[in-house]
Amino acid sequence: MTEYTATVTVRLKRGVLDPEAETTQRALERLGFDLDDLRSADRFEIDLDAASAEEAADRADEMAERLLANPTIHDYEVAVEDR
Amino acid sequence: MTVAVIQFGGSNCDRDSVRALSHLGIDAERVWYEDGLPDDATGVMLPGGFSYGDYLRAGAMAGRTPILASIREAAAEGLPVLGVCNGAQIGCEAGLTPGAFTVNRSARFQCERIHVRVENADTPWTAAYDEGAVLELPIAHGEGRFEADDDTYDRLVEEDRILLRYCDADGDVTDAANPNGSRDNVAGVLGSQETVAVMMPHPERATLPDLGGTDGTGLLRGFERTTTTV
């Protein structure tokens, strides 16, 4: 078994309104920053032991499917690295 | 008949729901989610509140508790289920109903009285009204914007499963009357069976005359029109 950290990034699908990101963008603009757009995402860092990086990715993928993301509004991606 | 009002940590409309149902002569009791679905339950109400502190997404945690699996099975056999506010979010997260309720267009918590139009009066929940009837109900939510992908939404419309839409006092469904940015003003939808419904407005807060309106009464009476035991 190897120790891995799986990173699951959950973001809204393109086209789904993100009022929190819009509010954040406006706040940045009020501070004088110039930006075209801002998107936010949730990032989950999951430490786990697995036989291989593939297995670690599979398990993290299932976690995203079953809880971390809502397929109606979210896309997600999984990245795995040694810990 | 006893309607089980499921209480999670963070639910806060469970007592109101029992009181409103009891006021209508509908036997109801609170059930702690860890105690499981009672065998003699003749209906389930998922009440409003902030289960699990709205962590991750409103309703995400509660929607995956074992009692929701039991409720899903019972619902498939015809047990009536009504999810209100956080209960609606839980219902969608649990897959009882399609779509999702997410952050309001305003990015703010909104607590106000709104109007909804009855889009389909041919369901247990809306049989007390005529199609097109306008109800005044309270909302109180930060994550009430209904979202569904195009295929899901088209199917809901085609199968007449849109229950309520936000409208103005005259019954016109306008963008100005949409409090939270919901897709096409959707405020409530049906599951795959008409005995399962979720909605963001609070009928239990529009049931006792002293609280300023009784337009929600007919929605709760849906429990009387569904005659099933599990």
Side-chain angles (χ1 to χ4, degrees), chain A residues 4-48 56-80, chain B residues 51-52 54-66 68-69 72 88-110 141-156 175 178-186 189 191 198:
Chain A
Y4 295 99
T5 297
T7 301
V8 179
T9 306
V10 178
R11 53 170 61 91
L12 287 169
K13 286 181 176 169
R14 280 282 180 174
V16 175
L17 191 68
D18 188 347
E20 289 179 356
E22 288 175 9
T23 304
T24 308
Q25 177 173 347
R26 281 200 300 276
L28 285 170
E29 287 165 347
R30 273 200 301 275
L31 290 172
F33 292 102
D34 183 23
L35 61 161
D36 292 337
D37 196 13
L38 180 148
R39 292 170 293 282
S40 65
D42 288 328
R43 172 185 164 113
F44 302 88
E45 296 176 359
I46 303 159
D47 294 343
L48 71 175
D58 286 349
R59 281 167 52 195
D61 194 82
E62 192 179 350
M63 293 179 206
E65 284 285 328
R66 291 184 57 187
L67 175 66
L68 300 178
N70 180 336
T72 298
I73 51 174
H74 291 137
D75 288 325
Y76 68 89
E77 57 196 46
V78 175
V80 172
Chain B
S51 57
Y52 292 83
D54 282 351
Y55 295 163
L56 194 62
R57 301 176 299 275
M61 306 291 182
R64 287 159 179 81
T65 50
L68 257 295
R72 232 179 1 245
Q89 297 159 339
I90 293 169
C92 283
E93 284 282 347
L96 278 165
T97 45
F101 292 101
T102 187
V103 181
N104 292 350
R105 179 170 53 187
S106 65
R108 292 186 176 90
F109 189 92
Q110 288 175 244
H141 60 245
E143 299 182 39
R145 173 168 56 98
F146 183 75
E147 285 283 355
D149 61 50
D150 293 345
D151 289 347
T152 303
Y153 183 75
D154 291 347
R155 196 175 74 241
L156 282 173
D175 195 46
N178 187 344
N180 53 27
S182 289
R183 183 166 188 167
D184 286 357
N185 291 41
V186 170
V189 296
V198 299

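Given the structure is predicted, the values throughout are model-derived calculations rather than measurements. Naming: A, B, ... by sequence-line order, numbering from 1 per chain. When reading the values below, keep in mind they use all heavy atoms of this one structure, side chains included, and skip hydrogens, waters and symmetry mates.
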Item to complete: Check the side chains of Tyr76(A) and Asp61(A) for a donor-acceptor pair under 3.5 angstrom, ignoring hydrogens and angles.
Response: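 Yes, Tyr76(A) and Asp61(A) have a side-chain donor paired with an acceptor closer than 3.5 Å.
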Does [X] use its side chain to pair, donor to acceptor, with the backbone of [Y] at less than 3.5 Å?
X	Y	answer
Arg105(B)	Asn178(B)	yes
Asn104(B)	Gly144(B)	yes
Arg57(B)	Glu93(B)	no

Please rank [options] by heavy-atom pairs under 4.5 Å with chain B and give me the top one.
options	result
Ala69(A), Pro71(A), Gly15(A)	Ala69(A)
Asp42(A), Leu67(A), Thr72(A), Asp18(A)	Leu67(A)
Leu68(A), Leu12(A), Val16(A)	Leu68(A)

Worksheet entry | Residue selection (most heavy-atom pairs with chain A, distance under 4.5 Å) from Arg64(B), Arg108(B), Glu147(B) |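 Of Arg64(B), Arg108(B), Glu147(B), Arg64(B) has the most heavy-atom pairs under 4.5 Å with chain A.
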Discussion item. Quick check on Ile73(A) against chain B: is it the side chain, the backbone, both or neither that has a heavy atom closer than 4.5 Å?
Written reply: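 Contact with chain B involves the side chain of Ile73(A) alone.
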Worksheet item: What part of Ala21(A) lies closer than 4.5 angstrom to a heavy atom of chain B: side chain, backbone, both or neither?
Response: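 When you check distances to chain B, no heavy atom of Ala21(A) falls under 4.5 Å.
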Worksheet entry | OG1 on Thr97(B) to CD on Gln89(B), rounded to 0.5 Å |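 Result: 11.0 Å between the selected atoms.
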